[in-house]
Structures are given as C-alpha cells and as structure tokens.
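Here is the naming used below: chain letters follow the sequence lines, and residue numbers restart at 1 for every chain. What you see is a predicted model; the values in this text were computed from it and never measured.
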Number of protein chains: 2
Amino acid sequence: MNSSHFSISLHILTLLDQVKGQLLNSEYIAGSINCNPVLVRKELANLHKHGFVQSKEGKGGGSTLAKNPAEINLGDVYWAVKQKKLLGESKNEPNPDCPVGKQITKHLTDLYDDAETALVKSLSSKTLKDFSAGFK
Amino acid sequence: MNSSHFSISLHILTLLDQVKGQLLNSEYIAGSINCNPVLVRKELANLHKHGFVQSKEGKGGGSTLAKNPAEINLGDVYWAVKQKKLLGESKNEPNPDCPVGKQITKHLTDLYDDAETALVKSLSSKTLKDFSAGFK
DNA sequence: TCATACTGTAACTATTTTTATTACAGAACA
DNA sequence: TGTTCTGTAATAAAAATAGTTACAGTATGA
C-alpha cells in the first residue's frame, strides 16, 4: 500500500465513531486531519463503496458509520483501502534472460503475500471500537 | 517502507548468492534488475553499511556476500533497507485542537508497530539461503 | 421556490518522491 | 598508464501524491 490512505481512512472512521451517529461533513473531517476536503470526500467514497460509511447529500448532509464499530475490523479496512503493493516492486520488468530476473517476481510475490497475511492478521485482531476506545 | 528498495536489495543478494562468491559488478546486476547501475551502487552501499555485502573497487571489481546466506534473514534485510514508514501517514500534522487529531498519531504509530512486528516476524522466518534455494 | 450548504466527481495544478542520467575522483589491475 | 571498476554528488526526468477549482445534483428550510 502506502501513501496515507489507511491513516486517513482510519482517522475518518474514528471521528465518525466518536460522534456516535452524528453526521460529519468533509470540511470538518478535513479540519481534523489537516488536509483537503476533496481528499476526504474521495476517501469517503471508497469507504462507502466498501460499506463502512453512509453519506447524506445536500444541506446539513455529511457522513456516518454504516455498521457497528465493533464489527469493523482493521484488517478489513486495510483491504478496502489498499491500492498498491505493501512492499514496492521495481518499476521495470526484471530481465527475463537472467535466471534470477526471470523468476524473482513470483518469488517476491509469494514472500510478500505471506508477510502481508501476517500484517493483516495483526490488524484484524483489533476493531474500530477497540481503536477508538483508546481516545479519551 | 516502500519504493522498491527491499525488492532491489533482495534481488541483489539473491544474485550474489547464486554466483557463490564470484564478484558481480553493478552493471551486470542492473542488467538483471533492469534499472540504472547507479541505483544498484547506492543499494549496495546500504547493504555494505549493514554488513551484508563486500565490494572491491577498481578493474575487475564488484560485490559479493559478506556473510553466509544461511545467516542472513529477510527480517534483518527489511530493517536494513527500511527508510519510510510501512504504512504511510498524512503529510500534515493532524489538528491539535481536535481530540482525535491530537492523539491519532500516537495511536497509529502503536498500531503500525504491532503490524510491522508481525510482518517482520514472517520475513524473519526465512533466510537468504531459503529464498535463493527457490530459484532453479 | 429560491438561497444555502452539502456530496460526488472531474479536470487540472502543484508538490514531493522516486528513478535515471551525467560526471568525475579514486582504486585496482594488467 | 590506460582501462575498468566503485563511490558519490549533482542534476534531470518521470511518476505518484496531494491540493485546488469548478460545478452538477441533492436536500433543507425560510
């Protein structure tokens, strides 16, 4: 993955949990994250696509959680938010005429898949409720 | 982390293992990875700093492993190569006047540390020898 | 019904990060 | 002493990320 998608999404979800069903608009959320409201709306669009949030358009609109925070686990958020490989790969194709270059992509993929599985397992052991409960 | 540092470093180490002590120069390695030789030399400089490789300057020079591949584990390579956070954070500081913004950086850091520990544990279960043995 | 305040989305710009290139001093070798 | 490397810096190009502007569509309520 990378870039700040996961951090921003989790920040959004935490805010929405903290206000317990109240609608928050993108400007308010952006104010907490300190980023552009359009970025927040894009992130919300993705969270919506994956069923984590609901939004209401028009005046007085905003977003709220679409499920119980105890049923949102952070591993699922990870998958929903993921866009790129966790561990980057070389932009160019390795040399197919080299015995190592020819096979390395597959071997790296296998290695990274295992590592990512371990990472997600760790994230999945926590729910949004757990995470949010840490804020006091 | 991210960008392709880890992939490139592991590609280099695998090549060096495969040739069993023979010196490989940066141009040859770059040819296998399909990237710029200067990038390889920078990556080698970092691997050298962390004791994984040795280099010989001058004509006929190149690099070779500095330790037994059975004693290089991929978790250690991860730490040696890591430059950035595994999971990105928002570039801007969250709003310190918001109860969530004020604390989220610490909470994200804790969460990511756990996740990274799990990831590294997975990587550490394999050595360069293991990884390289997969190439036939 | 009309001004207002939102979302959703696209198009574009700016900034930052990553990768590639050029260049060259110094080392080893033949 | 010419050649072929490393090591490293400086710079340029390319790609990824974030910010901005703009606006159609939707809900609200005066």
Side chain to side chain contact (heavy atoms under 4.5 Å, CB included) partners for [X], two or more places apart:
{"X": "B/Ser122", "value": "A/Asp114, A/Ala115, A/Ala118, B/Lys126"}
{"X": "A/Thr64", "value": "A/Leu23, A/Gln54"}
{"X": "A/Thr105", "value": "A/Glu89, A/Pro94, A/Thr109"}

If I take atom [atom1] in residue [X] and atom [atom2] in nucleotide [N], what distance separates them, rounded to the nearest angstrom?
{"X": "A/Gln54", "N": "D/dA27", "atom1": "CD", "atom2": "P", "result": "14 Å"}
{"X": "B/Asn36", "N": "D/dT8", "atom1": "CG", "atom2": "C1'", "result": "13 Å"}
{"X": "A/Glu57", "N": "D/dC23", "atom1": "CD", "atom2": "P", "result": "19 Å"}
{"X": "B/Ile29", "N": "C/dA20", "atom1": "CD1", "atom2": "C1'", "result": "18 Å"}
{"X": "A/Lys56", "N": "C/dG8", "atom1": "NZ", "atom2": "P", "result": "13 Å"}
{"X": "B/His5", "N": "C/dT17", "atom1": "NE2", "atom2": "P", "result": "12 Å"}

| query | Which of residues 20-28 of chain B sit near DNA chain D, with a heavy atom under 4.0 Å from it? | reply | B/Asn25, B/Ser26
| request: Could you identify which residues of residues 80-109 of chain A place a heavy atom less than 4.0 Å from some atom of DNA chain D, listed by residue number, or say none? | output: A/Lys84, A/Lys91
| message | Please list all pairs meeting ring-ring contact (aromatic ring centres under 6.0 Å, His included) that have one or both residues in residues 49-80 of chain B, counting only residues at least two apart or in different chains. | response | none
| Restricting to pairs with a member in residues 81-123 of chain A, which pass ring-ring contact (aromatic ring centres under 6.0 Å, His included), not counting sequence neighbours? | A/His107-B/Phe135, A/Tyr112-B/Phe6
| remark: A/Leu39 has its side chain closest, among D/dT6, C/dT7, D/dA18, to D/dA18
Just the atom pairs and distances: protein N or O near nucleotides 9-15 of chain C's N or O, under 3.5 Å.
| unit_1 | atom_1 | unit_2 | atom_2 | d |
| --- | --- | --- | --- | --- |
| C/dT9 | O4 | A/Arg41 | NH2 | 3.3 |

| query | Could you state the interatomic distance from NZ (A/Lys106) to CG (A/Leu111), rounded to the nearest 0.5 Å? | reply | 11.5 Å
| request: Supply the atom-to-atom distance A/Leu44 CG to A/Ile12 CD1, rounded to the nearest 0.5 angstrom. | output: 4.5 Å
| task | Using the side-chain hydrogen bond (donor to acceptor under 3.5 Å, both in side chains) rule, collect all pairs that involve residues 21-31 of chain A, keeping only residues at least two apart or in two chains. | result | A/Ser26-A/Arg41
| Can a side chain N or O of B/Ser4 be found less than 4.0 Å away from OP1 or OP2 on C/dT19? | yes
| said: Please enumerate all residues that pass side chain to side chain donor-acceptor pair (under 3.5 Å) together with A/Ser55, with sequence neighbours excluded. | reply: A/Ser63
| message | Suppose we screen for side chain to side chain donor-acceptor pair (under 3.5 Å). Which residues come up paired with A/Asn34, at least two apart in sequence or across chains? | response | none
| said: I want to check something: taking the side chain as every heavy atom from C-beta on, are B/Ser4 and A/Lys91 in contact at a cut-off of under 4.5 Å? | reply: no
| Are any of the side-chain heavy atoms of B/Leu10 and B/Leu128 separated by less than 4.5 Å? | yes
| Between A/Asn46 (side chain) and A/Glu43 (backbone), is there a donor-acceptor pair under 3.5 Å? | no
| query | If you pin A/Ser55 and B/Lys59 to their nearest nucleotides in DNA chain C, which one's is more 5'? | reply | A/Ser55
| Bend angle of the helix from C/dT1-D/dA30 to C/dA30-D/dT1 from five-pair axes at both ends, rounded to 10°? | 0°
| Reckon A/Ser63 touches a base, only the sugar-phosphate, or nothing at all at heavy-atom distances under 4.0 Å? | nothing
| query | Same cluster for A/Val81 and A/Val38 if Ile/Leu/Val/Met/Phe/Trp/Tyr side chains link at under 4.5 Å? | reply | no
| note | Residue pair A/Asn34/B/Gly60 against DNA chain D: nearer the 5' end by closest nucleotide is B/Gly60
